[in-house]
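Chain letters run A, B, ... following the sequence lines, proteins first and then strands; every chain starts at 1. None of the values given here were measured: they were computed from a predicted structure.
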2 protein chains.
Amino acid sequence: MATSRRGKLQFGNLLLNGHLALPPAQRSATVRAMAVERSRSFRRALGLLEALGTDDVVAAGGCGVNELATLTGMDKSQASRLLATMADAGYVDRDARTRRYRLGWQVFALAARSGDQRLLSAAGPVLVRLVREIGESSHLSVLRGTAVLTLLTESPSRAVQAVSWVGRLAPATSTSSGRALLLDHDRGQLAAMFGSERWPAATAKSPRDVDDLAERITLARAAGYARVEEESEPGLVAVAAPVRDAAGRIVAAVNLSAPRFRLGRRLARAGVAVAAAAADLTAALGRPAPAMMEEAFA
Amino acid sequence: MATSRRGKLQFGNLLLNGHLALPPAQRSATVRAMAVERSRSFRRALGLLEALGTDDVVAAGGCGVNELATLTGMDKSQASRLLATMADAGYVDRDARTRRYRLGWQVFALAARSGDQRLLSAAGPVLVRLVREIGESSHLSVLRGTAVLTLLTESPSRAVQAVSWVGRLAPATSTSSGRALLLDHDRGQLAAMFGSERWPAATAKSPRDVDDLAERITLARAAGYARVEEESEPGLVAVAAPVRDAAGRIVAAVNLSAPRFRLGRRLARAGVAVAAAAADLTAALGRPAPAMMEEAFA
DNA sequence: AACAGCGTTGCCGAGGAGGCAACAGTGTAT
DNA sequence: ATACACTGTTGCCTCCTCGGCAACGCTGTT
């Protein structure tokens with residue numbers, strides 16, 4: 001659980017606009033100190049949405065007004081009003097029976113047009129092939145701020161996870177995908193992003209500071225893939241490689257992860273496979289986009 | 001292009017909060033008439049997001065502040081400020097070079113936790129099989145208000161569409177998926193949803209009024225699948241069947257659509273296949289959810 | 001019946017929304 | 001090089017929405 005500038009809860013879940021949860025007294029003090037608060041109500045509404053995207057809420061199948069209000073630290077009246085307008089617009093759905101709110105389909109509709117659709121559609125088949133080759137689950141991720149956002153998961157059909165990693169943030173410093181995404185960053189850039197003091201370590205093997213991180217990234221650069229063993233979670237190993245756009249900039253990472261006892265021995269092979277998959281994806285992005293074709297629907 | 005209550009543009013694209021585009025004078029008059037305007041800034045922000053989700057904007061690869069302001073009918077200063085906060089939160093991305101805004105990954109992250117993830121993950125393989133069997137593209141849709149929202153597309157790899165149907169709304173009355181979703185509605189419910197007067201027809205074959213619709217739905221009920229020929233677009237035929245939850249309620253629809261010259265002759269066979277796929281999906285949803293399993297990520 | 005908890009609504013002061021206009025950058029025509 | 005058109009940002013100031021408080025209606029429990 002690292003907290004970044006402005007005190008947002010960053011990892012383990014979606015972003016929560018941090019200081020909104022402060023009691024009114026402290027909050028207004030904070031506000032007076034740092035200029036003015038911009039788009040207050042809008043940010044609160046986003047806070048509600050993000051709270052509804054929390055694992056526990058999703059798992060519980062929704063959340064009531066009061067609960068949401070306390071979660072986001074605002075008055076229940078405001079929560080009620082904001083949720084009503086969001087429901088009107090379709091961004092939240094309300095269960096007719098339990099009167100609890102869930103994220104609505106409109107969010108889904110928006111998402112289908114967000115981000116880089118070319119990347120997503122090109123990545124699907126690549127991940128499938130990779131998973132078939134190695135037999136472990138694979139992810140596509142991008143860098144968002146200082147965190148890694150997972151966009152796509154593909155797993156050997158061994159189990160369907162109820163709440164997938166898709167849409168979640170993970171620390172960039174101690175994950176294979178994060179290292180791959182940072183492959184082109186030098187020590188200076190890393191220091192600017194993560195600060196130069198010592199970091200709280202997720203496990204004993206996690207990098208402790210910038211030098212530590214830079215060193216491991218150098219190794220990854222040499223190998224062509226990043227390799228992480230039990231740095232974010234004990235017993236877990238992973239490899240990842242960067243995907244580049246036509247201009248050569250790193251835009252995404254492909255990884256493979258599994259328990260050490262299953263993948264440990266084949267880690268080098270997995271690394272090569274992941275690098276090859278990332279190269280495939282890079283090649284796919286390098287080509288001009290396929291002709292626009294409006295697919296029929298009736 | 002049907003306009004529903006409160007004058008929102010409903011079909012052909014994402015919802016746009018209609019009257020915000022009015023000039024200030026008229027708007028304030030309207031507002032004074034109908035109580036107070038709730039969550040004004042928030043709705044404006046949503047308007048911006050939805051504008052960014054417009055086909056033309058997505059196809060153009062983003063949109064500038066000025067253009068967005070005129071699109072949503074607000075002052076560019078406000079647009080600039082709202083976009084800035086949205087960029088902070090990750091809901092929009094700004095191209096560093098062109099300075100144009102696009103929908104950000106945070107929207108994607110939220111969406112990954114919205115809707116019924118069980119439905120989506122179960123539907124993927126079913127659609128793939130269906131597409132492989134018939135060789136035409138297939139969609140999964142749900143009912144949202146009086147419109148059909150497409151959640152998933154699977155097409156034979158013949159072409160990758162740049163902007164897919166996913167996330168778009170289509171009229172329920174003249175699409176196969178819509179009919180399938182309305183399969184359990186009787187004439188009274190249909191009248192309540194769509195009104196009893198005559199409707200504007202998309203094509204010559206579209207249903208004209210409730211009786212017309214109810215009759216076609218009865219036929220679909222008898223056949224086990226809905227069949228639509230050139231009702232939403234000339235030259236296009238489609239079949240669809242309803243997916244039910246454990247309680248037997250219709251929650252989604254699976255369809256197949258293609259140009260008449262490719263699918264016309266096999267339409268009955270396609271209907272049976274679609275019904276079978278929908279039944280498979282229904283069966284999958286009937287089973288208790290697979291044990292929650294947190295998939296590892298590193 | 002009394003109670004506890006949830007969600008909605010009215011009220012009203014304070015602070016953010018948002019229109020206007022000046023300003024700063026950038027690419028294009030003169 | 002100058003002027004121009006256009007873009008996006010920022011300051012200012014009014015007005016209206018925000019949002020805290022509290023009362024209310026409702027439902028389920030003790």
Side-chain angles (χ1 to χ4, degrees), chain A residues 17 19-48 60 62-88 92 94-102, chain B residues 17 19-48 52 60 62-88 92-102:
Chain A
N17 321 39
H19 83 285
L20 294 181
L22 293 177
Q26 291 181 49
R27 183 168 60 236
S28 44
T30 313
V31 169
R32 253 187 286 283
M34 48 189 290
V36 244
E37 194 176 9
R38 196 175 49 181
S39 313
R40 190 159 202 259
S41 73
F42 175 59
R43 296 229 295 244
R44 301 201 132 192
L46 290 184
L48 283 175
C63 200
V65 172
N66 264 316
E67 202 175 341
L68 278 170
T70 49
L71 271 177
T72 55
M74 64 187 189
D75 195 83
K76 55 179 181 168
S77 67
Q78 195 61 13
S80 174
R81 289 190 255 251
L82 283 174
L83 286 166
T85 58
M86 291 202 279
D88 271 356
V92 297
R94 181 166 215 177
D95 190 286
R97 205 175 47 78
T98 64
R99 293 175 72 78
R100 318 184 85 192
Y101 285 102
R102 261 175 296 111
Chain B
N17 321 39
H19 84 286
L20 294 180
L22 293 176
Q26 292 180 47
R27 183 168 60 237
S28 43
T30 314
V31 168
R32 252 187 287 284
M34 47 187 290
V36 245
E37 194 175 9
R38 197 175 48 182
S39 314
R40 188 159 207 257
S41 74
F42 177 60
R43 297 229 294 242
R44 301 200 134 193
L46 290 184
L48 283 174
L52 283 171
C63 199
V65 173
N66 264 316
E67 203 175 341
L68 278 171
T70 49
L71 271 177
T72 56
M74 64 189 189
D75 196 81
K76 56 180 182 170
S77 67
Q78 194 61 12
S80 175
R81 289 191 253 251
L82 282 174
L83 285 166
T85 58
M86 292 202 279
D88 272 355
V92 297
D93 272 339
R94 181 166 216 177
D95 190 287
R97 204 176 46 79
T98 64
R99 294 173 71 77
R100 317 184 85 194
Y101 285 102
R102 262 175 297 111

field: Within-4.5 Å side-chain heavy-atom neighbours: A:V65 and A:R94
entry: yes
query: Between B:R40 (CZ) and C:dG18 (C1'), how many Å, whole number?
result: 8 Å
field: Spacing of A:L48 atom CG relative to D:dC18 atom P, expressed in whole Å
entry: 13 Å
query: What does A:S41 touch in the nucleic acid at a heavy-atom separation under 4.0 angstrom: a base, only the sugar-phosphate, or nothing?
result: sugar-phosphate
statement: B:N66 has its side chain closest, among D:dG8, D:dG20, C:dG18, to D:dG8
message: Could you measure the distance from the CG atom of B:L48 to the CG atom of B:L68? Nearest 0.5 Å is fine.
response: 6.0 Å
query: Tell me, which pairs form a salt bridge (charged side-chain N to carboxylate O under 4.0 Å, His left out) where one or both residues lie in residues 65-86 of chain B, sequence neighbours left out?
result: B:E67-B:R100
- prompt: C:dT9 phosphate, OP1 or OP2: any side-chain N/O from B:R38 under 4.0 angstrom?
  reply: no
- request: Would you check if B:F42 and A:M86 make a side-chain contact, meaning some heavy-atom pair closer than 4.5 Å?
  value: yes
- line: Within residues 78-87 of chain B, the residues having a heavy atom closer than 4.0 Å to DNA chain C are B:Q78, B:R81
- prompt: Can you give one letter per nucleotide of nucleotides 25-30 of chain D, 5' to 3': B if a protein heavy atom sits under 4.0 Å from the base, S if only from the sugar-phosphate, - if neither?
  reply: ------
query: Can you check the A:E67 CD to C:dC6 C1' distance for me, whole Å?
result: 11 Å
message: Within the 4.5 Å heavy-atom criterion, are B:T85 and A:R43 side-chain neighbours or not?
response: yes
field: Atom-pair distance (CZ on B:F42; C1' on D:dG19), nearest Å
entry: 16 Å
message: Measuring to OP1 and OP2 of C:dC6, would you say a side-chain N or O of A:R99 lies under 4.0 angstrom away?
response: no
query: Once you round it to whole Å, what is the distance between P of D:dT7 and CZ of B:R94?
result: 13 Å
query: Base, sugar-phosphate, or nothing for B:R100, non-hydrogen atoms under 4.0 angstrom?
result: nothing
field: Spacing of B:D75 atom CG relative to D:dT14 atom P, expressed in whole Å
entry: 18 Å
field: B:R38 and A:D88 ion-paired at < 4.0 Å
entry: yes
query: How close or far is atom P of C:dA24 from atom NZ of B:K76, stated in whole angstroms?
result: 14 Å
message: Is there a side-chain contact between B:R43 and the phosphate of D:dT17, meaning an N or O under 4.0 Å from OP1 or OP2?
response: no
task: List for me each residue that meets side chain to side chain contact (heavy atoms under 4.5 Å, CB included) alongside A:A87, sequence neighbours excluded, and say none if there are none.
output: A:V92, A:Y101
- prompt: Looking only at heavy atoms, what is the nearest atom pair of B:L82 and A:S39, with distance?
  reply: CD2-OG, 3.8 Å
message: Quick check for you: to the nearest 0.5 Å, what is the distance between B:T72 atom OG1 and B:L52 atom CG?
response: 9.5 Å
field: Which nucleotides of DNA chain D pair, in dot-bracket form (Watson-Crick or G-U under 3.5 Å, | meaning another strand)
entry: |.|.||||||||||||||||||||||||||
B:R97 CZ - D:dT7 C1' separation (whole Å): 16 Å
Over all atoms of both residues, closest heavy-atom pair of B:C63 and B:L71: SG-CD1, 4.3 Å
Any N/O donor-acceptor pair, A:S77 side-chain to D:dC21 base, under 3.5 Å: yes
